There are 2 protein chains.
Amino acid sequence: MRLKTTTRVSVSAIRLRYLYEVVAAGSMRAASDKLGVAPSSVSRQVAQLEEELGLPLIEKGRREIALTEAGEMAVRYYRHQISEEEAFLSELEDLRGLRKGTVVLALGEGFVGQPLSAVLHEFTSRYPDMRLKIRLGGTNEVLRLVAEDEAHLGMALETPVDPKIRVWKAVPQPIKAIVSAKHPLGRKKKVTLTDLARYRLALPPRNFRIRQLIAQAEQKEGVFLTPAITSNSLLILKNFAQFEEGVTLLPELASIAETQAGTLRSIPISNEALSQTQVQIVLRVRRQLPAGVMRLLHLLEGYL
Amino acid sequence: MRLKTTTRVSVSAIRLRYLYEVVAAGSMRAASDKLGVAPSSVSRQVAQLEEELGLPLIEKGRREIALTEAGEMAVRYYRHQISEEEAFLSELEDLRGLRKGTVVLALGEGFVGQPLSAVLHEFTSRYPDMRLKIRLGGTNEVLRLVAEDEAHLGMALETPVDPKIRVWKAVPQPIKAIVSAKHPLGRKKKVTLTDLARYRLALPPRNFRIRQLIAQAEQKEGVFLTPAITSNSLLILKNFAQFEEGVTLLPELASIAETQAGTLRSIPISNEALSQTQVQIVLRVRRQLPAGVMRLLHLLEGYL
DNA sequence: TTATCTGTTGCGTTAAACGCACATAAGCCT
DNA sequence: AGGCTTATGTGCGTTTAACGCAACAGATAA
């Protein structure tokens, strides 16, 4: 698409302003006082505006200035323009003061459910006019959104390396065995994959990063886990552990509320691939982030 | 009333424009080509705009430029501003091309009725988007309107001298005796006040300039006319002459349609004050008139 | 990695706006 | 009518903003 190539005529803002001040002050001298410039300058600018527009704006040859019809139009236009500008600047002020704006946060599957609610609640209440968009998706989806500037921030588990992605912060987030308090494994300090294989398991589907990490561990140890149940809902997985005496494998964060309440326990797994996983906050390399996003970023950092 | 003294911040138009062209062209270099300036200038203006607004507008450090949220707002604002400016300029264009505008014409009492309709019709049809305001009033009212710029032009009978009023054109417009074709005076070439005193008369009220001129003539000749009927409606006066065999005294113009049709006759009066009256087109001294007004002025000149 | 785009910065140049001083014109007052 | 006051318009030298050129640095693609 080719844009117009017409040379823009652009009515000089300063000249319009001078005209307006002249009318408001009632004379060029008064206007020049208010503007802090010499009267000659005012006179010239108004004259040049008339030349630009090709029409007389003030009726000359009299003591008090009086606008012509074109002058009235010009002043009306200027006033309108000013009010629009003020609206624009005030909008900008909101943005500068972090009061407005949109932050898009992409979350990996590890966070599906009601995670982060404390952080997000703090953010939305501290900046009530900021809109927060949360996009959920698999780890790869998160990366794509961040790489293509469709999301400002991403949080996901064990993100693969990508030249366009910068890992801002990574914190250990081992995948643990989640069981109910009454479960036989509940008293153990550590479990092996072999231990787990003896119990009924609930696991996420194969396209989930968690499941891929589990697969890596299975490969390495030669032990293969067969889930009794597969679900992309973390809640279902957790319910399976809590009410059906089963076991599920999740990052600690995903069940932190229940472990703190005592209804579930999270047991470390003695496998490197699972115990050394990290949750990562990612953004696009060299991307300039709006201030609001930085705030959320810091909140998330503190949370992890 | 004191106006605001806040120093206006005024977002630079050129910088906004450069920003806009940059995003439209996709790069600063392309924009500089289109704008016909060096790329360095574009870069600087955009940087200065960012400084003025206190916010980054484009995300730096990448090949293709991308706007920040503030940048989006700025471009949106600029586009809006441009469309407003175009509307303004096009309005102005109308004005310049005489297609639009308002002309205020003040008419004295001698023109009440349906006079000038040919001229006014020609004017309104030739400049269909020009608005024509006609204010009717006594001669003094006409002069006040013109003196105080509430009317562009005035037409009245025998206007008194006034330093603020300039007589643009004056044409003789004697006050004549108006009678029906069958009236005894209808055959005379000239009548005196004494002649008139013998018939039933219809005259305008005393606050009309016509009546004041008649009074001057009465004073001078020592003959006093007693009207059978007094009315501020020229139509009533003329009807009195036409259907009730009476006489009325009016400027020739006021009954020109009827005299041409032959239903009324206008007889000169042998009195200096009445036979030498003039109708005058007046305007304020040194007033600059819009082009549209000049056109009407010339049309009126031609008519008289 | 190199080649070639991009945006940025330093510095001398051009053009717009300015201030000062003075000329000119309009309105007011006697 | 004529002087007096006050306001706008003009010539000219000065200041400031925008510019062009050239060199540099960062980023993408081969």
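Residue numbers start from 1 in every chain, and the chains themselves are labelled A, B, ... in the order their sequence lines are given, proteins ahead of strands. This structure is a prediction, so every number in the text was calculated from the model and none was measured.
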Between P of dT28(D) and CD1 of Ile65(B), the distance in whole Å = 14 Å
Please confirm whether the backbone N or O of Val293(B) pairs with a side-chain atom of His152(B), one donor and one acceptor, at under 3.5 Å?
-> no
Whole-Å distance separating the NZ atom of Lys164(A) from the P atom of dA29(D) | 8 Å
Output yes when at least one side-chain N/O atom of Ser43(A) is less than 4.0 Å from OP1 or OP2 of dG9(D), else no.
-> yes
Closest to side chain of Val37(A), choosing from dA17(C), dG20(D), dC18(C) | dC18(C)
dC20(C) base / Ser40(A) side chain donor-acceptor hit below 3.5 Å | yes
To the nearest angstrom, how far is Ile58(A) atom CD1 from dA25(C) atom P?
-> 17 Å
Starting from P on dG27(C), measure out to CG on Asp162(B) and report it in whole angstrom.
-> 13 Å
DNA chain C: 5'-proximal contact among Arg44(B) and Ala30(B) (nearest heavy atom) = Ala30(B)
Phosphate OP1/OP2 of dA16(C) contacted by Gln45(A) side-chain N/O (<4.0 Å) | no
Closest nucleotide of DNA chain D for Ala38(B) versus for Arg29(B): which of these residues is on the 5' side?
-> Ala38(B)
Donor-acceptor contact below 3.5 Å, side chain Thr139(B) vs main chain Gly108(B) = no
With respect to the side chain of Ser27(B), which nucleotide from dC18(C), dT8(C), dT6(C) is positioned closest?
-> dT6(C)
Protein-nucleotide distance (Glu59(A), atom CD; dA26(C), atom P), rounded to Å | 14 Å
For the pair made of CG in Leu16(A) and P in dA17(C), what is the distance, rounded to whole Å?
-> 13 Å
Leu49(A) CG to dA17(C) P, straight-line distance once rounded to whole Å = 11 Å
Distance test, side-chain N/O of Tyr18(B) to OP1/OP2 of dG7(C), below 4.0 Å = no
Could you tell me the separation between the CZ atom of Arg284(A) and the C1' atom of dA27(D), rounded to a whole number of Å?
-> 12 Å
Using a cut-off of less than 4.0 Å, is there contact between a side-chain N or O of Gln48(B) and OP1 or OP2 of dA18(D)?
-> yes
Inter-residue atom distance Leu296(A).CG - Met130(A).CE, 0.5 Å rounding | 8.0 Å
Salt bridge (Lys or Arg N to Asp or Glu O under 4.0 Å) between Glu158(B) and Arg209(B), worked out = CA-CA 8 Å; Glu158(B) 285 292 304; Arg209(B) 189 106 189 121; 5.7 Å; no
Examine distances only and state if a side-chain atom of His298(A) and a backbone atom of Met294(A) form a donor-acceptor pair shorter than 3.5 Å.
-> yes
